[in-house]
Chemist: 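What follows is a single structure, and I will ask about it in a moment.
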Amino acid sequence: ITTVSLPAGAWASGGLRPPEWLANYYWAKPAIMIMGLWGAIGSNNVILYQAGLSVISKELYEAADVDGATAMQKFWNVTWPQLAPTTFFIFVMGIIGGLQGGFEMARTMTGGGPAGATTTMTFFLYEQGFDSGRLGYASAVAWSIFVMVMVITLINWKYGRKHETE
């Protein structure tokens with residue numbers, strides 16, 4: 001297999017320049033978001049949905065066939081309601097991960113920069129506690145993150161579980 005690589009100036013001479021993903025204030029945050037989305041799509045969520053699909057009773061699909069349901073009707077009336085507990089779990093864990101996550105990406109890729117564009121809550125917590133030595137302030141930030149996660153989880157628990165089937 002042979003690969004063709006263009007000289008570095010070939011792109012620029014044609015007027016094309018790649019975005020400065022991690023060095024530009026406006027591109028750094030989308031770069032971190034794209035990386036997080038890419039990691040989340042193919043991670044445990046696919047495995048969880050596969051497990052949820054594997055436990056749906058075949059009798060439900062047979063009953064839908066007897067009733068004359070189309071494939072779309074079977075999806076909306078059998079598959080999707082049966083996946084409600086899995087979807088609820090993934091949603092709650094995604095919210096928690098979103099509030100707690102981003103530290104690794106912000107620290108390794110940009111160090112919170114440029115101009116603080118990629119500073120997440122957990123990276124801010126790290127900076128306050130370990131870089132500047134303000135452990136009391138960092139503790140307050142950690143408790144704030146905990147309270148936000150708890151409140152959002154309780155709201156999800158209260159309103160999200162009503163769509164689950166027993």
Side-chain angles (χ1 to χ4, degrees), residues 1-3 16 18-22 24-112 116-127 129 138-166:
I1 298 174
T2 59
T3 59
L16 297 173
E20 297 172 338
W21 287 106
L22 301 176
N24 186 309
Y25 177 82
Y26 298 104
W27 280 108
K29 194 173 291 183
I32 297 288
M33 291 167 60
I34 290 168
M35 183 179 157
L37 180 66
W38 183 259
I41 287 175
S43 68
N44 297 334
N45 298 345
V46 173
I47 296 168
L48 290 171
Y49 272 122
Q50 182 63 36
L53 286 170
S54 69
V55 297
I56 297 176
S57 174
K58 303 293 182 230
E59 287 83 16
L60 293 172
Y61 290 113
E62 291 171 4
D65 284 334
V66 168
D67 290 341
T70 64
M72 188 59 81
Q73 289 171 330
K74 283 191 266 186
F75 174 76
W76 283 112
N77 298 313
V78 176
T79 306
W80 192 244
Q82 293 295 312
L83 289 176
T86 305
T87 304
F88 174 70
F89 177 77
I90 289 171
F91 184 73
V92 169
M93 295 307 291
I95 294 293
I96 292 170
L99 288 172
Q100 293 177 343
F103 171 77
E104 305 87 8
M105 292 177 282
R107 176 137 165 85
T108 58
M109 293 175 67
T110 63
T118 60
T119 299
T120 62
M121 288 189 295
T122 51
F123 186 71
F124 180 73
L125 169 79
Y126 174 82
E127 281 184 324
S139 178
V141 171
W143 275 103
S144 299
I145 293 171
F146 169 75
V147 168
M148 285 191 299
V149 167
M150 181 61 78
V151 167
I152 291 173
T153 301
L154 290 174
I155 290 170
N156 285 334
W157 192 265
K158 180 173 173 70
Y159 296 108
R161 291 190 62 92
K162 68 180 177 181
H163 298 293
E164 287 186 17
T165 57
E166 295 296 324

Chemist: Answer whether the closest heavy-atom distance between the side chains of V92 and W157 falls below 4.5 Å.
Modeler: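 SC-SC contact between V92 and W157 ruled out.
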Chemist: Measuring from atom OG of S144 to atom CZ of F124, what distance do you get when rounded to the nearest 0.5 angstrom?
Modeler: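 Result: 10.0 Å between the selected atoms.
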Chemist: Look at the aromatic rings of W80 and F75 and report parallel, tilted or perpendicular, splitting at 30° and 60°.
Modeler: tilted
Chemist: Can you tell if the side chain of W143 reaches within under 4.5 Å of the side chain of F146, non-hydrogen atoms only?
Modeler: yes
Chemist: Indicate the atoms forming the closest heavy-atom contact of L48 with T86, along with that distance.
Modeler: O-CG2, 3.6 Å
Chemist: What's the separation between atom OG1 in T70 and atom CH2 in W76, rounded to the nearest 0.5 Å?
Modeler: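 Separation between the atoms: 12.5 Å.
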Chemist: Taking all non-hydrogen atoms of both residues into account, name the closest pair between Q73 and G68 and its distance.
Modeler: OE1-O, 4.1 Å
Chemist: How far does CD1 of I145 sit from CE of M148, to the nearest 0.5 angstrom?
Modeler: 6.0 Å
Chemist: Specify the closest pair of heavy atoms between N156 and F88, including all atoms of both residues, with the distance to one decimal.
Modeler: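 Closest approach of N156 to F88: O-CE1, 2.9 Å.
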Chemist: What are the two closest non-hydrogen atoms of L83 and G52, and how far apart are they?
Modeler: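 Here L83 and G52 meet closest at CD2-C, 3.6 Å.
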Chemist: Considering only heavy atoms from C-beta outward, does the side chain of T119 approach that of E127 to under 4.5 Å?
Modeler: yes
Chemist: Quick check on K29: does its NZ atom have over 12 non-hydrogen neighbours (other residues, nucleotides or ligands) under 6.0 Å away?
Modeler: no
Chemist: Could you check whether any side-chain heavy atom of Q82 comes within less than 4.5 Å of a side-chain heavy atom of L60, counting everything from C-beta outward?
Modeler: yes
Chemist: To the nearest 0.5 Å, what is the distance between NZ on K58 and CG on D65?
Modeler: 12.0 Å
Chemist: Rounded to the nearest 0.5 Å, how far does CZ of F91 lie from CD1 of I152?
Modeler: 9.0 Å
